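First comes the structure, then the notes that go with it.
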Amino acid sequence: MVKKYTDLLRCDQETLWHPYTSMTNPLPSYLVDDADGVYLHLASGEKIIDGMSSWWSVVHGYNNAFINDAMKAQIDKFSHVMFGGLTHEPAVQLAKTLIDITPAGLDKVFLADSGSVAVEVAIKMAIQYQHSLGQADKNKLLTIKNGYHGDTFAAMSVCDPVNGMHSLFSGFITENYFADAPDIGFDDVWVDSAIDSLKQQFADNHQHIAALILEPIVQGAGGMRFYHPQYLRACRALCDQYEVLLIADEIATGFGRSGKLFACEHADISPDILCLGKALTGGYLTLAATLCTTKVANTISEGEAGVFMHGPTFMGNPLACATANASLELLIKNDWQSQVSAIEQQLRTELLPLQQSKNVADVRVLGAIGVIEAKYPVNMAIIQQKFVEMGVWIRPFGKLIYIMPPFVISSAELKTLTQALANIVDCDEVFKNI
Ligand SMILES: *Cc1c(COP(=O)(O)O)cnc(C)c1O
């Protein structure tokens, strides 16, 4: 057994790309044998608590019987059919639920295969919409720095230009407009000047802007920062003033993570286009959705093309839709709101005191997201190994050490995660510059 797993790991290193990794200097991977509830079972024998929900997605934990049963039932009917000219109950049911639970006005649903594709679809919708209105010059995007919207090219073009290494792809990547990132925190006292940089971009470039795209309230992979709801309300008002569409990328925040079912609800606004993904299937399969208003859909449909120009092979995959339906049912049945607010309270109690540590620059909590911003970048190989030894799976990047646990985590299990964070911030050898 031991030999088998070391062989697998060697073969993995020789053959497989992992996300954002080097093939000549790969970091070690950990081999997962099994997963159950909030636990990952490693082939090396450790049983560790997943503090990342496999990147925001596994909100109900692993190997959930209710979701498994729904998936098996759909497999025994059919796993896939093309969506051109055919339809099926899982997709119709999913569309109906998404329209019901998302902010008002989002009435049309495009089912895509991954978050990045949902963003591509949203961008295409915005361009086609403006084109249909005879405003073909409105074909660029406006966004804010420190954003993250995915790894395909159009999505990359609205990611932070520095974090997203736009220089590497210059000449190929579309140039868009960037305002400064909001530097007014969720709980700060609002000052009108916080929106000045964005306002200026609207004033200078609105005749070229199809849509403003941003992550509402929580800037995820671009810095794990939570900004003021009034900023988002001001975005909505500026979009209306300049006839620019508002695209809310809720791929990370959707389905309760920020303490509201959708982060837009913190500001009580509805976007024109909404991107969903990650937790949509409870992390069991890849699926994403782009919702839009009837006005956007009808304008596109009455434009030059007469149709929306997109249609992936695995669009509306029935197995993924059935999985999403089960996950959404479970979200309500489990009372996600109590789950998330219990996690939030505990994170506040147990993480905010870490602010006092000499290695910590800031601690932030919103909903079921806890972030420690260290003063120094971490050494990934060392910190990962230490976390595994402490029985947790936490995967930092740069100076950010953060958790967004499954909603089903118990108080004792969450305590194990926060205790690991408390231990690590005092551990000088995990920080590179000490
Ligand atoms: C993860 C993420 C994406 C990209 O989704 P993928 O499924 O990885 O393509 C886009 N936007 C946001 C806000 C995300 O967090």
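Every number for a ligand or one of its atoms is a count from 1 in the order of the listing. Just so it is clear, the structure is predicted and the values come from calculations on it, not from any experiment. These numbers come from the heavy atoms of this one structure, side chains and all, not from hydrogens, waters or symmetry mates.
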#### Entry: Where at least one partner belongs to residues 276-293, residue pairs that pass side-chain hydrogen bond (donor to acceptor under 3.5 Å, both in side chains), sequence neighbours excluded
none
### Task
Would you name the heavy atoms of V59 and A279 that are closest together and state the gap between them?
CG1-CB, 3.9 Å
### Task
Report all protein residues having a heavy-atom distance below 4.0 Å to some atom of ligand 1; order the list by chain, then number.
S114, G115, S116, Y148, H149, G150, E215, D249, I251, A252, K278
### Set of side-chain contact (heavy atoms from CB on, under 4.5 Å) partners for D12, sequence neighbours left out
L16, H18, S29
### Message
Go through it in stages, so that I can follow the logic: the residues are D151 and S116, the test is side-chain hydrogen bond (donor to acceptor under 3.5 Å, both in side chains), and I'd like the CA-CA distance, side-chain angles, deciding distance and then a yes or no.
### Response
CA-CA 6 Å; D151 288 349; S116 299; 5.7 Å; no
Run the side-chain donor-acceptor check on residues 236-244: report pairs under 3.5 Å with partners two or more places apart or on a different chain.
| unit_1 | atom_1 | unit_2 | atom_2 | d |
| --- | --- | --- | --- | --- |
| R236 | NE | D240 | OD1 | 3.4 |
| R236 | NH1 | S270 | O | 2.9 |
| R236 | NH1 | D272 | OD2 | 3.2 |
| R236 | NH2 | D240 | OD1 | 2.8 |
| R236 | NH2 | D272 | OD2 | 3.0 |

### Query
Between H60 and F407, does the ring centre distance come in under 6.0 Å?
no
